[in-house]
Amino acid sequence: MAEAACANSMKRSSADSEQSLGGGKSGLPRKRFYRARAHSNPLSDSHFPVPVSPDHVDWAEHFPVFFKSRGKEMARCPESSSGDQVPGGCSVEDAGMVDRLAEGIPDGSGVTQSDRIEEEDRQVRFADVGCGFGGLLVKLSPMFPGTLMIGMELRDKVSEYVKERILALRKESPGQYENISIIRTNAMKYLPNYFRKGSLQKMFFLFPDPHFKEKNHRRRIISVPLLAEYAYAMAVGGILYTITDVPELADWMKKCLDMHPLFEEMPALEQESDPVVELLKTATEEGKKVLRNNGKSFQFAYRRVHS
């Protein structure tokens, strides 16, 4: 009996190990294998590549369907029953599919997402700063299929989870979720390295670290100096969204936004008609936790205005 129990335990352990690498039965990664500290110190040094300027960002690595020049060799091919292989590990038929997607040709399932984006408009337009496990990106993707969106996350395990989640979703739903991706970076330090002036239409800062101690307030992601950088990256008319369940942080963020001359709070009626506003409370893990506990959250939407 003991040997049988031991064997069963080993089988379960082996199964868990395999699923941790390849995801659960659905193919999606499992969060419990990617857990990390709730927050990181944004002022500490981290070791990851940072582009010199927006012109040096290889967006083909993130959106291979939309960037033909480098997208083909960067694209990840789905698994195939075909045994014929081509350079890069893709089967011949898979490589043909990648070519068709990169050129904007439907793959048999209808119009591809790249058909909805004009060549000159292939820029990232939405940025979710501190995107966590990517819940907001996944919700926004089908709502704005013609818009490229990037999540920016400092924690390595969490960013790896989001990367694997997006790849799994693309595999499960061919032609979908090609417009979202993730970068591991520190937005407080390197935001201008990724985005040209006036390129972003929406920025999200959902349930940021409150950094309660006064000496750590300089670590807060919303501050008057940092708002100047966000204003630089945002187009006039673009919208900055933020939400927290910490009253003191809500007061801080609203005060900073009200003080900055390049941001103006959206009228209540406009916020009510904005379909994105409702997602601020429901799309992320933190938001769902607040709702489960019947907590109160404080959300704000500010528009980028002319100087």
Side-chain angles (χ1 to χ4, degrees), residues 22-30 57-128 131-153 159-183 199-202 204 275-276 279 282-284:
K25 293 181 180 179
S26 66
L28 294 171
R30 309 176 84 178
V57 181
D58 184 10
W59 292 120
E61 180 180 354
H62 299 276
F63 310 103
V65 166
F66 299 112
F67 293 87
K68 177 181 174 182
S69 59
R70 288 174 290 179
K72 290 184 184 181
E73 62 187 40
M74 296 294 228
R76 291 186 60 141
C77 299
E79 292 180 1
S80 170
S81 58
S82 171
D84 298 327
Q85 296 292 313
V86 296
C90 302
S91 70
V92 172
E93 64 179 13
D94 291 337
M97 184 189 75
V98 172
D99 289 347
R100 292 196 300 275
L101 287 173
E103 292 167 7
I105 301 172
D107 64 348
S109 60
V111 179
T112 63
Q113 284 183 321
S114 59
D115 291 327
R116 304 185 184 100
I117 301 183
E118 297 297 331
E119 182 72 31
E120 64 271 13
D121 197 42
R122 288 182 182 173
Q123 296 186 57
V124 172
R125 297 302 185 184
F126 293 3
D128 184 5
C131 67
F133 289 97
L136 180 65
L137 291 172
V138 172
K139 291 290 186 181
L140 289 173
S141 178
M143 290 177 62
F144 300 90
T147 301
L148 299 183
M149 317 174 198
I150 200 76
M152 311 183 83
E153 176 60 51
S159 59
E160 184 63 23
Y161 169 85
V162 179
K163 177 183 175 183
E164 295 299 326
R165 181 182 186 183
I166 292 172
L167 291 174
L169 288 170
R170 290 176 180 179
K171 184 176 177 181
E172 283 188 352
S173 306
Q176 301 300 312
Y177 302 104
E178 298 287 353
N179 62 330
I180 57 175
S181 190
I182 175 76
I183 290 176
S199 61
L200 293 177
Q201 296 170 347
K202 294 184 187 295
F204 301 90
V276 172
L279 294 180
T282 61
T284 67

**Q** So among Val276, Ile180, Asn179, which one has a side chain to side chain contact (heavy atoms under 4.5 Å, CB included) with Leu140?
**A**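 For Leu140, the side chain to side chain contact (heavy atoms under 4.5 Å, CB included) test succeeds with only one of Val276, Ile180, Asn179, which is Val276.
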**Q** Which distance, rounded to the nearest 0.5 Å, do you find between the NZ of Lys202 and the CZ of Phe144?
**A**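 It is 5.5 Å, given to the nearest 0.5 Å.
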**Q** Looking at every non-hydrogen atom in both residues, tell me the closest pair between Leu148 and Phe63 and how far apart they are.
**A** CD2-CD2, 4.0 Å
**Q** Does Arg165 use its side chain to pair, donor to acceptor, with the backbone of Phe133 at less than 3.5 Å?
**A** yes
**Q** Provide the closest heavy-atom pair for Met143 versus Pro275 in the form atom of the first, atom of the second, distance.
**A**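 Looks like CE-CB, 3.9 Å.
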**Q** To check you understand the geometry: which heavy-atom pair defines the closest contact between Ala283 and Lys139, and what is its length?
**A**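 Of all heavy-atom pairs spanning Ala283 and Lys139, the closest is CB-CG, 4.0 Å.
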**Q** So which atom in Gln176 and which in Arg170 form the shortest heavy-atom distance, rounded to 0.1 Å?
**A**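 Taking every non-hydrogen atom into account, O-CG, 3.6 Å.
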**Q** Nearest 0.5 Å please: distance from the CD1 atom of Ile182 over to the SG atom of Cys131.
**A** 3.5 Å
**Q** CD1 of Ile150 to CG of Leu137: how many Å apart, nearest 0.5 Å?
**A** 8.0 Å
**Q** Tell me whether Arg125 contacts the main-chain N or O of Met149 through its side chain, where contact means a donor paired with an acceptor under 3.5 Å.
**A** no
**Q** For the CD atom of Glu61 and the CZ atom of Phe67, what is their distance to the nearest 0.5 Å?
**A**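 If we round to the nearest 0.5 Å, Glu61:CD and Phe67:CZ are 12.0 Å apart.
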**Q** In Å and rounded to the nearest 0.5 Å, what is the CZ to CD distance from Phe126 to Gln201?
**A** 6.0 Å
**Q** Do you know which two heavy atoms are closest between Phe66 and Glu178, and how far apart they sit?
**A**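 Heavy atoms only, the tightest pair is CE1-O, 3.3 Å.
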